[in-house]
Amino acid sequence: MAVPTTMRVMRIARHGGPDVLTKAEVPVPSLAAGEVLVRVSAVALNNTDLWTREGAYGRPGDPTALSGWRGPIEFPRIQGADVAGRVVSVGPGVDAGLVGRRVVVDPAIYDADGPDANPVGLMGSERDGGYAEYVTAPARQVHDMTDSPLADDQLAALPTAYGTALGMIERGRLWAGETVLVSGASGGVGLALVQIARARDARVLAISSGEKIASVRAAGAHDVVDRAKDVVEQVRAIAPDGIDVGLDVVAGDLVSEGLPLLRDGGRWVIAGALGGYRVDFDVRRLYLHNAQLIGSAMHTPAHFELLMDLARRGEIAPVIATTFPLHQAADAQEELARRQHVGKIVLVP
Ligand SMILES: NC(=O)c1ccc[n+]([C@@H]2O[C@H](COP(=O)([O-])OP(=O)(O)OC[C@H]3O[C@@H](n4cnc5c(N)ncnc54)[C@H](OP(=O)(O)O)[C@@H]3O)[C@@H](O)[C@H]2O)c1
């Protein structure tokens with residue numbers, strides 16, 4: 001298929017509310033050596049899209065400064081980390097056999113080569129992303145999913161939410177048969193945690209609220225407690241021997257309340273702070289019990305490979321809350337911010 005010279009995108013030229021997301025017609029990006037051009041078929045939204053647009057990450061020593069997660073954002077910026085699509089052309093040095101393949105892009109920009117590198121940047125933040133008809137990516141970060149049973153919108157749901165979830169589970173060293181507690185379980189990362197932990201034969205306890213509890217149970221949680229009531233009391237009733245791993249995107253008071261639930265040698269992994277990022281806890285609950293508090297940002301290349309294998313085998317099935325056309329990106333972000341959905345919100349160019 002011939003690639004046009006221009007493409008439609010939704011981009012931001014400054015930080016602000018949903019109105020700073022505007023339509024533009026821009027040149028299709030040219031390819032550097034080692035890159036491929038992907039025609040985007042679906043791009044999933046994440047909270048980082050909202051916070052990057054708002055500049056809500058603060059800076060070390062200045063929590064109110066307008067900033068992306070790694071520092072200042074270069075404008076204009078095309079948002080969108082989570083892309084599924086088809087390779088339409090390849091740059092110098094890339095195997096032409098990739099053309100036509102259905103792919104998922106690993107959106108991380110890593111600090112090093114090798115399987116255990118750390119993400120220090122993200123597509124849609126430190127480089128242009130997938131709120132567009134086309135996007136470029138390094139060929140080594142494009143994963144062939146042509147034979148996966150998942151649909152394109154489900155593939156797009158994988159990188160950030162499932163990558164983060166798998167990163168948490170790997171860093172928390174979750175073993176089969178262990179009991180795990182998942183917070184924010186109806187969200188993008190939370191549902192991924194439930195599904196992957198279940199696929200690992202863990203006993204999955206989840207925290208959710210209201211009508212979303214049924215969806216979390218349907219995604220594979222053995223038990224779901226209601227965060228509108230006393231979470232610790234409910235968990236103690238269900239798991240009187242405690243939990244092995246906490247997989248937490250909420251933090252805040254849940255950390256101080258949840259740490260005493262850990263068994264000896266337990267791990268509490270934090271990847272988000274929806275409930276507050278200032279935490280006050282009793283360190284005796286760590287050192288007297290050989291417990292570990294672990295921070296987790298996204299995934300490593302090795303985690304992403306594991307994730308792609310799970311998706312090729314169809315062992316996970318992302319839940320799609322709703323889809324929007326690309327030009328309604330601002331509406332889609334507002335829908336995400338309302339947090340009434342279960343699963344992932346996806347844009348279709
Ligand atoms: N570290 C990383 O690499 C990384 C990567 C991706 C995301 N994250 C972070 O992980 C968090 C979750 O992301 P997501 O995309 O899964 O979010 P999401 O889709 O918006 O879902 C979050 C869920 O958490 C629950 N929740 C919301 N506010 C809460 C509160 N104040 N207290 C307790 N529970 C609350 C809600 O579920 P219920 O109503 O059912 O409880 C909601 O559905 C965000 O903070 C995000 O920034 C981190």
Side-chain angles (χ1 to χ4, degrees), residues 44-54 56-58 68-70 81-82 106-110 118-125 157-172 181-196 205-219 221 224-229 231 234 246-255 257-258 269-277 279 294-300 303-304 307 318-322 332-346:
L45 268 60
N46 291 286
N47 277 295
T48 190
D49 300 17
L50 306 184
W51 294 332
T52 300
R53 190 201 72 220
E54 292 166 357
Y57 284 99
W69 75 292
R70 298 294 302 187
D82 286 356
D106 177 352
I109 299 167
Y110 293 108
N118 290 303
V120 291
L122 185 66
M123 209 165 77
S125 175
L158 293 174
T160 304
Y162 282 74
T164 299
L166 195 51
M168 293 171 76
I169 283 172
E170 286 288 308
R171 292 182 180 109
L181 179 66
V182 176
S183 69
S186 68
V189 178
L191 276 186
L193 287 167
V194 168
Q195 288 186 354
I196 300 172
L205 314 184
I207 308 171
S208 185
S209 67
E211 292 170 0
K212 297 189 252 180
I213 286 175
S215 308
V216 174
R217 201 168 270 128
V224 187
V225 304
D226 187 346
R227 71 175 160 98
K229 301 178 191 154
V231 166
Q234 294 171 81
L247 298 171
D248 184 13
V249 296
V250 168
D253 292 342
L254 185 60
V255 179
E257 292 165 11
V269 187
I270 300 179
L274 291 166
Y277 47 78
V279 172
I294 299 169
S296 189
M298 293 175 58
H299 54 267
T300 65
H303 299 154
F304 208 82
L307 174 62
V319 175
I320 306 303
T322 178
Q333 288 197 355
E334 287 187 284
E335 178 74 17
L336 176 66
R338 276 191 284 278
R339 298 223 164 85
Q340 298 303 309
H341 62 287
V342 175
K344 296 295 288 182
I345 296 174
V346 175

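One-based numbering, in listed order, for ligands and for the atoms of each.
- Close contacts of ligand 1 with Trp51, meaning ligand atoms under 4.0 Å from a residue heavy atom, involve 44 (C), 45 (O), 46 (C), 47 (O).
- Protein heavy atom at the shortest distance from atom 43 (O) of ligand 1 is Ser186 OG, 2.8 Å.
- Shortest contact from atom 9 (C) of ligand 1 to any protein heavy atom: Ala271 O, 3.4 Å.
- Contact annotation for Val250 and ligand 1: only side-chain heavy atoms (C-beta onward) come within less than 4.0 Å of the ligand.
- Taking every heavy atom of Gly272 and a limit of under 4.0 angstrom, the matching atoms of ligand 1 come to 9 (C), 10 (O), 45 (O).
- For a threshold of 3.5 Å applied to N or O pairs, the pair formed by Ser296 and ligand 1 contains at least one separation below that value.
- Here the heavy atom of the protein found nearest to atom 24 (O) of ligand 1 is Gly184 CA, 3.2 Å.
- Here Ser183 has no heavy atoms under 4.0 Å from ligand 1, in either its backbone or its side chain.
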Apply side-chain contact (heavy atoms from CB on, under 4.5 Å) to Thr300 and Arg171, showing your working. CA-CA 10 Å; Thr300 65; Arg171 292 182 180 109; 3.8 Å; yes
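- Which parts of ligand 1 touch His341 is read off a 4.0 Å heavy-atom cut-off, strictly below it: atoms 19 (O).
- Here CD of Glu335 is found 8.0 Å from CD of Gln340. Values are rounded to the nearest 0.5 Å.
- Note: Tyr57 and Trp51 have perpendicular aromatic rings, judged against thresholds of 30 and 60 degrees for the angle between ring planes.
- Each of the following atoms of ligand 1 lies closer than 4.0 Å to a heavy atom of Ala273: 45 (O).
- Atoms of ligand 1 found under 4.0 Å from any heavy atom of Ala297 (numbered from 1 in listed order, with element): 1 (N), 3 (O).
- When each of Val189, Leu247, Leu193, Ile207 is tested with Ser183 by the rule side chain to side chain contact (heavy atoms under 4.5 Å, CB included), just one qualifies, namely Ile207.
- Interface atoms of ligand 1 facing Thr164, defined by a heavy-atom separation under 4.0 Å, are 2 (C), 3 (O), 4 (C), 5 (C), 6 (C).
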Taking it one step at a time, do Asp106 and His299 satisfy side-chain contact (heavy atoms from CB on, under 4.5 Å)? CA-CA 10 Å; Asp106 177 352; His299 54 267; 2.9 Å; yes
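- The contact set between ligand 1 and Arg339, taken as ligand atoms under 4.0 Å from a residue heavy atom, comprises 20 (O), 27 (C).
- Proximity of a side-chain donor or acceptor of Arg70 to a complementary backbone N or O of Val120 within less than 3.5 Å is detected.
- Among protein heavy atoms, atom 21 (O) of ligand 1 sits closest to Gly187 CA, 3.0 Å.
- None of Asn46, Leu191, Val319 except one satisfies the side chain to side chain contact (heavy atoms under 4.5 Å, CB included) rule with Lys344; the exception is Asn46.
- Among all protein heavy atoms, the one lying closest to atom 39 (O) of ligand 1 is Ser209 OG, 2.6 Å.
- Looking at Gly210, Gly188, Ala192, Gly295, it is Gly188 that brings a heavy atom closest to atom 19 (O) of ligand 1.
- Shortest non-hydrogen contact noted between Ala206 and Val216 is CB-CG1, 3.6 Å.
- Summary of contacts: the protein heavy atom closest to atom 22 (C) of ligand 1 is Leu274 CD1, 3.4 Å.
- What sits closest to atom 15 (O) of ligand 1 on the protein, heavy atoms only, is Asn47 ND2, 3.1 Å.
- Between Met168, Lys212, Met298, it is Met298 that holds the heavy atom closest to atom 2 (C) of ligand 1.
- Residue Ala251 comes nearest to Gly272 through the heavy atom pair CB-O, 3.5 Å, listed as atom of the first residue, atom of the second, then distance.
- If you check which protein heavy atom lies closest to atom 41 (O) of ligand 1, you get Arg227 NE, 2.6 Å.
- Closest approach of Val194 and Ala221 over heavy atoms only: CG1-N, 3.4 Å.
- Residue Val189 places at least one N or O, backbone or side chain, under 3.5 Å from an N or O of ligand 1.
- The proximity of Ala161 to ligand 1, defined as any non-hydrogen pair under 4.0 Å, does not occur for either the backbone or the side chain.
- Closest non-hydrogen pair, Asp82 versus Ala157, comes out as OD2-O, 4.4 Å.
- The two residues Pro119 and Met298 have their closest heavy-atom pair at CG-CB, 3.7 Å.
- For the residue pair Val231 and Asp226, the shortest heavy atom distance occurs at CG2-O, 4.2 Å.
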